[in-house]
Amino acid sequence: MKALVLSGGSGTRLRPVSHALPKQLVPLANRPLLAHVLRGVRDLGITEVGMVVGDHATQIRQALGDGAEHGVTITYLPQDAPRGLAHAVRVARPYLGDDDFLLHLGDNLLPDGLGDGAAEFRRRGGGAHLLVQKVADPRPYGVVELDGDGRVVRLVEKPRRPRSDLALIGACFLTPAIHSAVDAIRPSARGELELTDAVQWLVDQGVIVRATEYAGYWRDIADSEDVLAGNRRLLATIEAVRGGDVDPFSVVGPRVHIEPGARVVRSHLAGPAIVGAGSVIEDSRVGAYTAIGRDCVIRGSELSGSVVMDGARISGVIRLTDSIIGRAAEVGCGDRQAGYRIVSGDHSRIEVPG
Ligand code: G1P
C-alpha cells in the first residue's frame, strides 16, 4: 500500500502565519505538521509516499527532502491549483498505479495513528474504507450516512442541513476503483472535484464502501485556534528530555523537553513544554502547553499555551498566552507612557488587555 498526502492547499484561514509558511509546515510541538502526518503513515508500515504539492512546493521539498529522515520515500506530485481532493487523486494516478492507498490530508493531525482503520480495511475489504467521527456541527465537513452494517449509503460535502453527525476525517483507505470515479465526476458548486462526490459515485455503482468511527484525536488544522489546540494535544504526551543546560536557579517540571544546546537561566519551566535547540530562556516563566522553537530568546517574560517559532525574541512581556509568534518575530516591552507600538504584517491579529 502507498500513501497519498495532499499538501496543495493554501491555508488562507491561517494568515498571517501562512503568508510565509505553508500551513502543512506549521510547527506543532516543534515539528512541522507534515512530520506528524508522515509518522502516522510510517507507523502503518507504509514507506512510499506521493506528496501532492501546489504553490508551496519548494518550501515543502526543502523541509522534507526525499523523506529519508521520516523513514519514507517521497515522490512530489505537482498540482497546478487546488482543484479539489479528487483532482489530486487524478494527478497522482500514474504514481499510484494499481495499488491500494491511504489518502491523508496534509493539514490533518491524527496523532493516535490509523492502525485500527487500516486493520478494518484489510479485514473487510471493499472498494473504499472511510473514517468518520461524530461532531457537534458537521456542516464544514463531508457528511456520511451509514446503514446498520457500517456501509456508506450517502455522502454530502458541506451540507447545509446534515442528515447525520458523522464527519469524514482527513484520512481514508482507497482502492484503484477510485480512479474511474474521479474521472466520472464534475466540479462541485465551489468549483472543486470533491472526493465525497467520487466516493458517492462508487456507492451508486454498487461498490461496497464502509466507514468506521475513528476513536482517536482528530483536528483539521485550519486556523490559529487549531494550531494552538493541536500543539496542546501533542505536548500533553511529551516526555522529559534534558538535552540543554539548566542552571541551579531554575526549576523545570516533569514534562519538559529541552533540546540540546538550549540554555535555561533563573527560570521556571512548568510545562508541558518544549524548548528548541539553541534557545535561551532567562528570568522567565514558561507555563503549560508552550512550544518554543530553535534559537529563540525569551527574557524577563511569562508565557503559556503558545507556539513560538524559530528565532523569535520575547523580552519583558508578562502574561503572553495562547499566542502564535512567527519566525524571527520580536515581542518586547517599551516605554510605559508610550502606549502600544505595533509593527504587524498583513492579516495579523493583535489583542491587548481591554
Ligand atoms: C476536506 C473534505 C471534507 C473532510 C475534511 C476533513 O474539507 O472535503 O470532506 O470532512 O477535509 O478535514 P476541506 O478541509 O477541504 O474544507
Side-chain angles (χ1 to χ4, degrees), residues 3-15 18 22-24 26 28 33-34 36-37 40-41 52-56 79 81-92 102-112 114 117 128-146 152-174 178 181-182 185-203 209 211-214 216-227 229-230 233:
L4 187 65
V5 177
L6 308 191
S7 299
S10 54
T12 47
R13 279 189 285 157
L14 197 52
R15 296 187 302 202
S18 55
K23 66 173 166 176
Q24 297 86 357
V26 163
L28 301 175
L33 175 51
L34 279 177
H36 298 288
V37 169
V41 168
V52 177
V53 288
D55 285 350
H56 300 291
Q79 186 184 23
R83 298 182 196 279
L85 309 185
H87 180 263
V89 174
R90 269 193 196 174
V91 166
L102 162 70
L103 181 122
H104 199 311
L105 305 188
D107 59 0
N108 271 231
L109 180 66
L110 297 158
D112 299 317
L114 293 160
H129 195 97
L130 311 178
L131 299 173
V132 294
Q133 198 167 73
K134 281 200 173 109
V135 293
D137 179 9
R139 288 174 300 177
Y141 302 107
V143 174
V144 176
E145 283 169 58
L146 300 179
V152 174
V153 289
R154 212 159 90 110
L155 299 102
V156 187
E157 184 63 29
K158 305 188 197 333
R160 240 181 283 162
R161 283 189 209 85
R163 289 162 56 123
S164 104
D165 57 0
L166 295 174
L168 265 184
I169 73 164
C172 60
F173 297 91
L174 298 171
I178 198 70
V182 300
I185 59 167
R186 306 237 142 261
S188 64
R190 64 169 172 169
E192 295 192 6
L193 287 176
E194 308 288 352
L195 186 70
T196 38
D197 290 343
V199 177
Q200 179 69 54
W201 187 89
L202 289 180
V203 171
V209 177
T212 45
E213 266 189 64
Y214 182 68
Y217 177 90
W218 163 51
R219 189 99 184 191
D220 177 355
I221 306 296
D223 62 21
S224 55
E225 292 310 317
D226 299 319
V227 169
R233 175 61 179 70

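Atoms within each ligand, like the ligands themselves, are counted from 1 in listed order. These numbers come from a predicted model, not from an experiment.
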### Task
Indicate yes or no for a side-chain donor-acceptor contact from Q24 to the backbone of L34 under 3.5 Å, with no hydrogens or angles considered.
no

### Task
Say whether K158 and ligand 1 are in contact under the criterion: heavy-atom distance to a ligand atom below 4.0 Å.
yes

### Message
I'd like to know if the side chain of Q79 reaches the main chain of G54, judged simply by a donor and an acceptor atom lying under 3.5 Å from each other, with no hydrogens or angles considered.
### Response
no

### Message
When you measure from the heavy atoms of R190 to every atom of ligand 1, does any distance fall below 4.0 Å?
### Response
yes

### Query
Side chain, backbone, both or neither: which part of D107 comes within less than 4.0 Å of ligand 1 when only heavy atoms are counted?
neither

### Query
For L85, which of V52, L195, L193 qualifies under side chain to side chain contact (heavy atoms under 4.5 Å, CB included)?
L195

### Query
Which residue holds the protein heavy atom closest to atom 8 (O) of ligand 1, what is that atom called, and what is the gap in Å?
E157 OE2, 2.7 Å

### Message
Please check whether G142 reaches ligand 1 - meaning an N/O of the residue sits under 3.5 Å from an N/O of the ligand, judged on distance alone.
### Response
yes

### Message
Rounded at 0.5 Å granularity, tell me how far CG in D223 sits from CG in L14.
### Response
7.5 Å

### Task
Give the residue, atom name and distance (to 0.1 Å) of the protein heavy atom nearest atom 10 (O) of ligand 1.
L168 O, 2.6 Å

### Query
Short question: side chain of N108, backbone of G170 - any donor-acceptor pair under 3.5 Å?
yes

### Task
Please confirm whether the backbone N or O of L28 pairs with a side-chain atom of H36, one donor and one acceptor, at under 3.5 Å?
yes

### Message
Starting from atom 1 (C) of ligand 1, what is the nearest protein heavy atom, named by residue and atom, and what distance separates them?
### Response
L105 CD1, 4.0 Å

## Note on the structure
If we number the atoms of ligand 1 from 1 as shown, the ones under 4.0 Å from a heavy atom of D220 are 12 (O), 14 (O)

